[in-house]
Amino acid sequence: QVQLVESGGGLVQAGGSLRLSCAVSGRTFRSGSMGWFRQAPGKEREFVAGISWGGSNTNYADSAKGRFTISRDNAKNTVYLQMNSLKREDTAVYYCARGSYGSDPSAYDYWGQGTQVTVSS
């Protein structure tokens with residue numbers, strides 16, 4: 001069984017930064033790609049960033065490019081999302097997920113419970 005637990009969310013002013021963490025338990029962490037998704041109220045869940053199992057490949061949604069950075073530490077079974085220059089429209093619940101590399105949520109089979117990020121003006 002694989003369990004994912006996100007942390008690091010909170011309230012931040014526009015222009016500020018947050019770093020989200022996702023701790024993964026289970027033997028399959030190193031063999032899985034990881035992704036961050038988010039869901040704002042009244043909107044569908046959307047892809048934010050993804051990283052391959054070895055960390056050599058990453059991809060980002062257009063809204064995240066240049067501001068967010070995904071990384072992973074396989075020794076710690078943890079994936080991170082560094083978010084800089086935050087905007088009000090970044091406000092959402094952020095989820096980490098494990099699965100196949102890419103932006104399609106259906107390709108991910110394990111999900112965390114989510115962490116709230118709120119950006120104030």
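Counting begins at 1 with the first residue of the sequence.
For residues 109-121, the pairs satisfying salt bridge (charged side-chain N to carboxylate O under 4.0 Å, His left out) are R98-D109, with sequence neighbours left out. Residue pairs meeting the disulfide bond (SG atoms under 2.5 Å apart) criterion with at least one partner in residues 85-121, sequence neighbours excluded, are C22-C96. The stretch residues 1-20 participates, sequence neighbours left out, in no salt bridge (charged side-chain N to carboxylate O under 4.0 Å, His left out) pair at all. Residues in residues 77-109 take part in these ring pair (Phe, Tyr, Trp, His ring centres under 6.0 Å) pairs, two or more places apart or across chains: F37-Y108.
Contact of the N57 side chain with the N59 side chain is not registered, since no non-hydrogen atoms from C-beta on lie closer than 4.5 Å. Side-chain atoms of S7 and S21, non-hydrogen and from C-beta on, do get closer than 4.5 Å to each other. In this structure, L4 and W111 have side chains that are not in contact, with every pair of non-hydrogen atoms separated by 4.5 Å or more. Between T91 and V117 the shortest side-chain heavy-atom distance does not fall below 4.5 Å. Contact of the R45 side chain with the V93 side chain is not registered, since no non-hydrogen atoms from C-beta on lie closer than 4.5 Å. At a threshold of 4.5 Å between non-hydrogen side-chain atoms, the residues T78 and V24 do not count as touching.
Residues that satisfy the side-chain contact (heavy atoms from CB on, under 4.5 Å) test with S120, not counting sequence neighbours, are L11, Q13. Contacts of R88 classified as salt bridge (charged side-chain N to carboxylate O under 4.0 Å, His left out), with partners at least two apart in sequence or in another chain: none. With sequence neighbours excluded, no residue satisfies side chain to side chain donor-acceptor pair (under 3.5 Å) with T69. Judged as a salt bridge (charged side-chain N to carboxylate O under 4.0 Å, His left out), and not counting sequence neighbours, K43 has no contacts. S17 meets the side-chain contact (heavy atoms from CB on, under 4.5 Å) test with Q82, N84; sequence neighbours excluded. Taking D104 as the reference, nothing meets the salt bridge (charged side-chain N to carboxylate O under 4.0 Å, His left out) condition, with sequence neighbours excluded.
In this structure, R72 forms no cation-pi arrangement with W53, as its terminal cationic atom is not both closer than 6.0 Å to the ring centre and no more than 45° off the ring axis.
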Practice prompt. Show your working on side chain to side chain contact (heavy atoms under 4.5 Å, CB included) between V12 and T118 and close with a plain yes or no.
Written response: CA-CA 6 Å; V12 64; T118 302; over 6 Å; no
Practice prompt. For side chain to side chain contact (heavy atoms under 4.5 Å, CB included), just list the numbers for T115 and L20, CA-CA rounded to whole Å, side-chain angles, deciding distance to a tenth of an Å, and then say yes or no.
Written response: CA-CA 8 Å; T115 186; L20 306 183; 4.0 Å; yes
Worksheet item: Step by step, would you call R38 with S63 a side chain to side chain contact (heavy atoms under 4.5 Å, CB included)?
Response: CA-CA 12 Å; R38 67 186 183 186; S63 60; 3.4 Å; yes
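Distance check: Y60 OH to S103 OG gives 14.0 Å after rounding to the nearest 0.5 Å.
Applying the 4.5 Å side-chain rule to ILVMFWY residues, one finds that V5 remains a lone member of its cluster.
Heavy-atom neighbours of E44 CD from other residues, nucleotides or ligands within 6.0 Å: at or below the threshold of 12. When the shell of 6.0 Å around CD of Q116 is examined, it contains more than 12 heavy atoms from other residues, nucleotides or ligands.
Remark: D90 does not engage K87 in a salt bridge, criterion side-chain N to carboxylate O under 4.0 Å.
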